Every structure is written in structure tokens, then in C-alpha cells.
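Note that the structure is a prediction, hence the values are computed from the model and not measured. Letters A, B, ... mirror the listed sequences (proteins, then strands); counts begin at 1. Only heavy atoms go into these numbers, but all of them, side chains included; no hydrogens, no water, no symmetry mates.
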Amino acid sequence: MMKVRRPRGTNDILPAETSNWQLIEAKIREICYRFGYQEIRTPIFEHTELFQRGIGETTDIVEKEMYTFLDRGRRSITLRPEGTASVVRAFIENKLYAAPLPAKLYYLGPMFRYEKPQAGRYRQFYQFGVEAIGSLDPVLDVEMIMLPIELYKECGLSNFDVHINSLGCPECRPQYRQALQERFMQIKDRFCKNCQARITRNPLRVLDCKSTKCQELAEGIPLITEYLCQECRTHFEQVIEYLNQLNMDYVLDPKLVRGFDYYTKTVFEIIVPTLGAQNAIGGGGRYDGLVEEIGGESLPAVGFAVGLDRLMLSLNQQDASVFPQINPEVYIAHFGGATKKMAVSLINELRKTGLWIEMDYLDRSLRAQMKSADRLNCNWVIIIGEDELAANAVKIRRMDTGSEDEVGMDAVIEYLMKHREENSNK
RNA sequence: GUGGGUAUAGCUCAGUUGGUUAGAGCGCCAGGUUGUGGCCCUGGAGGUCGCCGGUUCAAAUCCGGUUACUCACCCCA
């Protein structure tokens, strides 16, 4: 029989890891609550057109990375490659603009891009994202930077850098773009192959080419910040002022460009330098034209997304101790005669305390059961043998010290609660 | 999509110029202890050597293809 394996670029997240994911997800919900963002759940697939219009026809994502197929009604459907377009669509479709603005929303879940997999880059990956729709206030831009940073910090991540830039707006960016293009065109053949293509397609990208040759050629080139229109300039200055006021660390990075067409004004990216090539664990920016583009009225908006797989990678890389070890509280060992029946009754009672209780399901020797309890890192083992059965009592063993008490059946919960308390007070 | 590397037990890895029954450590199971974990000792289970084809008397080993993983590029979270 042929072995069925998981599709390329997908991952099984196993029990050893899921508890970590749950912890991060809980942290996300907690922080969103404090910042006043509420969860929105949109479909995992949408009409293809949404992403074509939203993300931009000429972006890599739309050109070659979408999971697109025809459904049985011959509609073109696409698995979502990012979250913003869907959120904006849902915002318009459900008329959330009738509620007080800005709408403050967050989402959490899988995204899909048909890419060649690498560490930190998968075909199904997980993002947490936040969007604030309906305000131009630079305070929101700053909030979008603070929120993910808060998440990273509370997860115990320390070595990351925040890069920010402004990409201008439809007023000023085209002028800069043209200026760059004209300048580069004169010396086009001296650039690397990639950059020669970039010059016609997206000249801003030439600026962050990794080739030192291109870096040198691009030296002394005017920066976008010098081309910003008055409105964009003021907006950017205010963002920076607020960041300073709040003592946030950041790097002004005039070469920062992002991949979606919809970004305007503020863009930012959060980098973990030790992560390798896929080192951005979060990023976002303002998208003042997108709501209108998707068919709503003209409303400014700003948002970000965090790559949870990459966050998990960097946490494991640095210090996995942020994740508490979880283990059963009690293991019930039984052997012989009717002791199993007693164990079943006892486990049923003990579980009402809310603690994690385990027992032996394989009718193994006491020795084997002790070994299991040890491997599971149980704090206590309750031993029920024939003698205990006869005395209507159990032995309760502390696994760390090895000390053991005989306790009457009626007093087991009381005994455990009392000694757990003493232990945690130490 | 482009280029490089890798693929042997659940995990980490040995395996000589191609040679007979493919090994180790850890983990797992059982026993040493007829009722007690960690340390120690003994034994056991577990492999179509990623897959397909070729060369050869003979392939884990050489060759081709393929799939997966991995690193870099493109790009992105």
C-alpha cells in the first residue's frame, strides 16, 4: 500500500508543540483585549478576484503563489494568502462602518501560498493580524507597532529590530518611483540580473538588493523620505514623534519596501536577525486606498500581521523556557483483583478537582506503572494493591522525595490538596 | 520558479576499495525486584538502507531519474 504523506510545505503540529501554540494564542487574545481589538473570522477561501484586486495583479503572490481552483459551480476560488483583503471585504459586506469607527479587528489562522518551502516558510502557515479601519490618526500606526512588540516581549523574545519607513501616497510615490527609474536606467546594465528586472517593475526594490555591487551603484540615490508630499511627511513625523515619546526602539529604514501594492505612508517590519533568510516575524503598514479599491467608501486603514511559525521558531531558538512544562498531577497505579475498579472510581472523583489525573490502561506491573509515572513527570502516584483494597485506603507517593503515606479512601482529595498547598508555599 | 546539499531503526548517527546475517547510543517493551520510578545489569521488539530503474556474479555503497527534507535566491509572515 502506498504511504500517504502530508502535502509539501505543510506541517503536523504535534502534542509536544500544540501546548506552546495554545499559550501564544492565549497571549494574543489577551493583548488584543487590552488594546481593544475584537476577533473577526472570515472564510479561509474567497473569490479569486478579491485577492487580485486587493493585493495587486503584478505582485508575486498573485502572479505565482496562490492556491486557486474552480469549484463545482465553476467559480474561481482561492485559499487566502493573507488576511487583510478578507477583513476589508467583510468590513464592507457587513457594513461595519455603521458602527463607531475605527473598526478594530484581529484574526488568527492559516494562510496559504504556493512557495518553495524553507525553514520559516511553508505553504500552509499561520498568521495573527490586526486591522484598524476608518482613521488616519498616526496614533494607530504607532499602536500597530506596539501591539506585536508587546506580544513578542510577553512571549520572552528579546532580539528583534523594528524597521520603519514611509512609502508615500498616490500623490508623491509615483514621482519618486519615476525619479529612481530614470536614474537607474542610465546605468541599467551595470546592475545584477535581478535588479535589471526590478528597475522596470519595482525600482524601489533595487535599494535593498543584497549584492554589494548594486548597493554601491545605488549609493547617493535620493531617498523616498525626501520626496514625500507635505501630508505624508507630516504624518510620518508624527508617527516618529509618538514612537519617541513612548521610548520605542526602531530603525529608520528608507530602503524598506513591502510586497503588496496596497501599502501607503507608514510601513514597518520586525526582524529577528538570527533567523536566517526568512527573518521577518511581523510587518504591516497603512493602506489608505484598499477599502475603496475593494468597493467600499474611501476610508483609511492600517494593520499588521505576525508570522506565528516564525515567532515559534525564534522562541525555540532563543529560550524555550518561556513555555511551562506541563505534566500530570497524579498517576493512579493499580494491580491485581478488583483494584482496577477502585482506580476507576477514584480517578472519576479526582478529576472533579480540575487536575490532570492519569492511570494505567495496560494492566502492567507496578514497576512498569511507576516508570510511566516517572516518564510523564507526575507529581504524585496513588498506589492501589490488594492490601489497600482490603483496608479501603491507598498509598500516596511523592515522586520528587519518594516519601509515602497511607491515606483512607475518603481522605485522598483532602490529603492531595493540603500537600499541594504546602508544596506551592515553599 | 532558479541553484547547492542531504536521505540507513521512533530519535541522533556509524557502515572501510561494492562482498555473505546492516550496527551503536538514546528511547520503547520485558526481566533482575512474586508490591515501587530515577542509577545499574540482562534480554527483546523494531529496518523493503526514501522510491523507481540501470551497471555488476554481487549495491546501503557506483550511475540515472524521482520524491521529500534542507540552505540560498526571488519574494514574503
Side-chain angles (χ1 to χ4, degrees), chain A residues 1-3 5-11 14 16 55 58-65 81-84 108-129 148 160 192-195 197-198 201-202 205 208-211 257-260 263 268-272 275-284 303-314 331 333-337 339 360 362 364-389 394-404:
Chain A
M1 199 176 71
M2 203 189 74
K3 230 184 239 177
R5 315 212 301 176
R6 63 176 194 269
R8 183 167 202 205
T10 63
N11 287 110
L14 303 176
I55 300 171
T58 61
T59 56
D60 271 31
I61 287 185
V62 171
E63 275 185 350
K64 56 178 199 187
E65 293 175 2
E82 59 107 42
T84 303
L108 182 59
M111 304 291 164
F112 305 85
R113 292 182 202 169
Y114 191 91
E115 296 193 86
K116 191 151 173 178
Q118 257 178 264
R121 176 157 69 198
Y122 312 111
R123 290 184 175 179
Q124 174 170 339
F125 60 103
Y126 296 85
Q127 278 191 340
F128 151 59
F160 55 83
C192 73
K193 226 180 188 173
N194 278 329
C195 282
R198 284 170 176 144
R201 197 171 139 171
N202 189 351
R205 284 237 168 257
D208 67 351
C209 179
K210 280 158 189 140
S211 142
V257 183
R258 293 182 52 79
F260 302 154
Y263 283 116
F268 62 93
E269 216 162 74
I270 300 154
I271 307 289
V272 174
L275 216 46
Q278 270 60 52
N279 61 2
I281 55 169
F304 72 83
V306 167
L308 296 181
D309 314 75
R310 290 181 188 178
L311 175 57
M312 202 62 80
L313 277 178
S314 30
Y331 188 99
H334 58 88
F335 52 106
T339 57
D360 172 71
L362 294 170
R364 289 179 298 180
S365 67
L366 178 59
R367 172 190 163 94
Q369 295 184 52
M370 292 301 294
K371 211 171 166 180
S372 279
D374 188 40
R375 288 281 319 199
L376 289 168
N377 236 323
C378 297
N379 298 331
W380 306 89
V381 173
I382 293 180
I383 299 167
I384 310 174
E386 304 271 16
D387 298 348
E388 288 76 15
L389 190 62
V394 297
K395 286 225 171 72
I396 302 182
R397 181 182 182 87
R398 265 188 71 154
M399 289 301 273
D400 54 352
T401 62
S403 64
E404 218 165 274

Q) Starting at the 5' end of RNA chain B and moving along, which residue's nearest nucleotide shows up first, A:Y126 or A:K116? A) A:K116

**Q.** Atom-to-atom span, CD1 of A:I396 to C1' of B:rG37 - whole angstrom
**A.** 17 Å

Q | Quiz item: A:R113 side-chain donor-acceptor pair to B:rA77 base, under 3.5 Å | A | yes

Q | Atom C1', compared across B:rG38 and B:rU6: separation rounded to whole Å | A | 38 Å

(Q) Determine whether a donor-acceptor pair (one donor, one acceptor, N or O, separation below 3.5 Å) exists between the side chain of A:E115 and the base of B:rA77. (A) yes

(Q) Using whole Å, what does the distance between atom C1' of nucleotide B:rC75 and atom CZ of A:F260 come to? (A) 10 Å

Q: Look at all strands and tell whether A:G120 reaches a base, only sugar-phosphate, or nothing, counting heavy atoms closer than 4.0 Å.
A: base

Q) So what does A:Q369 hit on the nucleic acid, given a heavy-atom distance under 4.0 Å: a base, only sugar-phosphate, or nothing? A) nothing

Q.
Does A:I281 reach a base, just sugar-phosphate, or nothing at all? Heavy atoms under 4.0 Å.
A. sugar-phosphate

Q: Give a yes or no on whether the backbone of A:E65 and the side-chain of A:E115 come within a donor-acceptor separation of less than 3.5 Å.
A: no

Q. Any donor-acceptor pair under 3.5 Å joining the side chain of A:R8 to the base of B:rC69?
A. no

Q) Considering only the P atoms, how many Å lie between B:rU2 and B:rA59, rounded to the nearest integer? A) 34 Å

Q: Sticking with atom P, work out how far B:rG19 lies from B:rU61, rounded to a whole angstrom.
A: 10 Å

Q. Ignoring hydrogens and angles, does a donor from either the side chain of A:E388 or the base of B:rG35 sit under 3.5 Å from an acceptor on the other?
A. yes

Q.
From C-beta outward on A:M370, which listed nucleotide comes closest to its side chain: B:rU36, B:rC73, B:rC75?
A. B:rU36

Q.
I'd like to check, for A:F335, whether its ring lies over the base of B:rG35 with centroids under 5.5 Å apart and a plane angle smaller than 30°.
A. no

(Q) The criterion is salt bridge (Lys or Arg N to Asp or Glu O under 4.0 Å); which residues satisfy it with A:E82, sequence neighbours excluded? (A) none

Q | Minimum-distance nucleotide (side-chain atoms of A:D387 versus B:rC75, B:rA77, B:rG35) | A | B:rG35

Q) Touch check for A:G402, heavy atoms < 4.0 angstrom, all strands: base, sugar-phosphate only, or nothing? A) base

Q: Would you indicate what A:G284 reaches in the nucleic acid, counting non-hydrogen atoms under 4.0 angstrom: base, sugar-phosphate, or nothing?
A: nothing

Q. Looking for any heavy atom pair under 4.0 Å, which part of the strands does A:A280 touch: base, sugar-phosphate only, or nothing?
A. sugar-phosphate

Q.
Once you measure the plane-to-plane angle for A:F128 and A:F304, does it fall in the parallel (<30°), tilted (30-60°) or perpendicular (>60°) bin?
A. perpendicular

Q. Are the side chains of A:Y126 and A:M111 in touch, meaning some heavy atoms are under 4.5 Å apart?
A. no

Q: For B:rG53 versus B:rA24, give the span between their P atoms, rounded off to a whole number of Å.
A: 31 Å

Q.
Mind checking if A:Y122 touches a base, just sugar-phosphate, or nothing, with heavy atoms under 4.0 Å?
A. base

Q) Could you state the OH-P distance from A:Y114 to B:rU2, rounded to the nearest angstrom? A) 11 Å

Q | Heavy-atom check, side chain of A:D360 versus side chain of A:F335, under 4.5 Å | A | no

**Q.** Span that lies between the P atom of B:rU36 and that of B:rA30, in whole angstrom
**A.** 14 Å

Q. Once you round it to whole Å, what is the distance between C1' of B:rC39 and CE of A:M399?
A. 14 Å

Q) Between A:E65 and A:E386, who's closer to the 5' end of RNA chain B by nearest nucleotide? A) A:E386

Q | Same-atom distance (C1') from B:rG15 to B:rG25, integer angstrom | A | 15 Å

Q.
Looking at A:I281, is its backbone amide N or carbonyl O close enough to the side chain of A:R310 to form a donor-acceptor pair, meaning the two atoms are under 3.5 Å apart?
A. no

Q.
What is the distance, to the nearest angstrom, from the CZ atom on A:R123 to the C1' atom on B:rC75?
A. 14 Å

Q. Per the atom types in the model, does the base of B:rU36 pair as donor or acceptor with the side chain of A:E404 at under 3.5 Å?
A. yes

Q. At under 4.0 Å between heavy atoms, what does A:R397 touch on the DNA or RNA strands: base, sugar-phosphate, or nothing?
A. base

Q) When rounded to the nearest Å, what value does the distance between P atoms of B:rA68 and B:rC28 take? A) 33 Å

Q.
Can you give me the dot-bracket string for RNA chain B, 5' to 3', counting Watson-Crick and G-U wobble pairs with both distances under 3.5 Å, using [ ] for crossing pairs and | for partners on another strand?
A. (((((((..((((.....[...)))).(((((.......))))).....(((((..]....))))))))))))....

Q: Can you check each nucleotide of nucleotides 26-32 of chain B against protein heavy atoms at under 4.0 Å and return B for base, S for sugar-phosphate only, - for none, in 5' to 3' order?
A: -SSSSBB

